[in-house]
Amino acid sequence: MSQSSPNSLNLSTTITAREVLELCKYRPDLLLTSDPMMPSERWKVDLIEFCVATADQNSAERQALCTTNIVMAYTRLCSITFPVTGASIIHSKNPNITWLYVWNLVFLLVCLSSLVITNLYTYNAVAVDCNCLINLSDYSVHYYPVLSGLLWGGLGSCVYLLKKVNDISQSREFDPDVFTGIFSRIMLGATLGWVVVNIFNMDTLDMDGVSVPAVAFLTGLSVKIVYGALEKVVGELELKLNLHSLKGNNAPKVPFKDQLAQYQLKLDPIKDEAVFQACSELRQRLDRQQQNTNT
């Protein structure tokens with residue numbers, strides 16, 4: 001197929017020459033061919049020839065040689081190396097997670113400054129008379145105890161995401177189109193961190209000296225574990241309050257024979273003689289069927 005064909009132009013603008021070269025350099029062993037070469041290995045030769053032909057060329061000249069055959073061969077190589085692709089290798093070298101860095105820095109600075117202010121208020125009596133926008137004593141006593149779970153939970157989420165990005169980048173699998181939901185994960189960790197330290201009494205729990213910020217930080221770090229524990233608490237609460245009976249129709253079922261007897265009691269044997277008699281015969285038939293089943 002010629003390079004000027006519509007399919008060739010569409011494919012060459014989708015896959016860049018740099019992606020092809022990066023993936024070939026990542027796994028050159030996959031381009032080895034048998035001797036003699038099999039027809040099914042032609043795509044390997046196309047990639048080798050492309051790497052050789054573009055060795056001393058600039059980006060525009062390399063992209064011009066990224067024909068349909070090269071793109072198809074690259075796709076064949078991606079099917080072997082997946083989830084590592086040429087694009088993931090490029091993005092793994094310098095992950096674009098600027099907002100994650102910003103959120104991590106914000107939570108870190110606020111947490112550290114809060115600890116400094118709390119220590120100043122606790123160990124330095126002069127700090128009480130400080131003329132600041134927010135009095136240190138007010139922040140230490142009224143604000144920080146309420147916000148600590150939120151702050152440390154958010155910091156735990158940021159640390160978790162940074163560690164995950166680092167691990168994915170080390171394995172050359174980072175893809176910004178797949179690695180999404182950073183803000184949602186941070187907000188989830190911050191919210192759960194605040195909820196956990198506020199709905200549970202930390203003083204009554206046997207935490208072996210673990211502080212409230214540590215609990216919130218670990219909550220943001222391991223959202224799945226904490227969320228699973230909360231689901232178990234909800235399950236136990238459901239059993240204790242007998243709420244499961246409200247979720248479904250768990251009322252005891254009355255047998256048809258008993259329902260028929262209750263209906264017959266409401267009948268007048270004189271006015272409803274025919275219906276009353278029919279109910280009696282039906283009940284007797286059901287009794288005989290039950291006796292035959294038991295025997």
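We count residues from 1, following the sequence as given.
Summarising the geometry of Y144 relative to L115, their closest heavy-atom pair is OH-CD2, 3.4 Å, with the distance given to 0.1 Å. When all heavy atoms are compared, the tightest approach of R62 to A55 is NH2-O, 3.5 Å. Taking every heavy atom of both residues into account, R27 and T81 meet most closely at CG-CG2, 4.1 Å. Between M187 and T191 the shortest heavy-atom distance is O-OG1, 2.7 Å.
Atom OG in S157 sits 11.5 Å away from atom CZ in F183 (nearest 0.5 Å). To the nearest 0.5 angstrom, T85 atom OG1 is 7.0 Å from I89 atom CD1. Note that the SG atom of C51 and the CG atom of L65 stand 11.5 Å from one another [nearest 0.5 Å]. The SG atom of C66 sits 14.0 Å away from the CZ atom of R18 when rounded to the nearest 0.5 Å. The OG atom of S169 sits 12.5 Å away from atom NZ of K93, with the distance rounded to the nearest 0.5 Å. The line from OG of S92 to OH of Y26 is 9.5 Å long, rounded to the nearest 0.5 Å.
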Review point. Hey, mind stepping through T67 and V71 against side chain to side chain contact (heavy atoms under 4.5 Å, CB included) and telling me if it holds?
Key: CA-CA 6 Å; T67 61; V71 173; over 6 Å; no
Exercise for review: Evaluate the side chain to side chain contact (heavy atoms under 4.5 Å, CB included) criterion for residues S171 and D167: first the C-alpha distance (whole Å), next the side-chain angles of each, then the deciding distance (0.1 Å), finally the verdict.
Suggested key: CA-CA 7 Å; S171 58; D167 293 341; over 6 Å; no
Review point. R172 and S88: side chain to side chain donor-acceptor pair (under 3.5 Å), yes or no, with the steps?
Key: CA-CA 6 Å; R172 304 293 189 271; S88 68; over 6 Å; no
Review point. When you look at R185 and L161, which way does the side chain to side chain contact (heavy atoms under 4.5 Å, CB included) test go after all the steps?
Key: CA-CA 8 Å; R185 178 61 175 80; L161 290 172; 3.7 Å; yes
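Legend: residues meeting salt bridge (charged side-chain N to carboxylate O under 4.0 Å, His left out) with R42, ordered by chain and number and at least two apart, are D46, E49.
The backbone N or O of T33 sits nowhere less than 3.5 Å from a side-chain atom of K44 that would complete a donor-acceptor pair.
Counting only heavy atoms from C-beta outward, the side chains of L30 and L77 approach each other to under 4.5 Å. Residues L192 and L188 are in side-chain contact: their nearest non-hydrogen atoms beyond the backbone lie under 4.5 Å apart. V45 has its side chain within reach of M37: a pair of non-hydrogen atoms, C-beta onward, lies under 4.5 Å apart.
Between P95 and the choices V165, N166, D175, L100, the side-chain contact (heavy atoms from CB on, under 4.5 Å) rule is met once, by V165. Residue Q63 is tested with I15, T16, V20 for a side-chain contact (heavy atoms from CB on, under 4.5 Å); the sole match is T16.
Taking the six-membered ring wherever Trp is involved, the centroid distance between the rings of Y74 and W43 does not fall below 6.0 Å.
Within a 6.0 Å radius of CD1 in I225, other residues, nucleotides and ligands contribute 12 heavy atoms or fewer. Counting non-hydrogen atoms of neighbouring residues, nucleotides and ligands closer than 6.0 angstrom, the CG atom of N58 exceeds 12 such neighbours.
Pairs passing the ring pair (Phe, Tyr, Trp, His ring centres under 6.0 Å) check and including a residue from residues 155-181, sequence neighbours excluded, read F174-F179.
E41 and S34 are linked by a side-chain donor-acceptor pair at a separation below 3.5 angstrom, with hydrogens and angles left out of the test.
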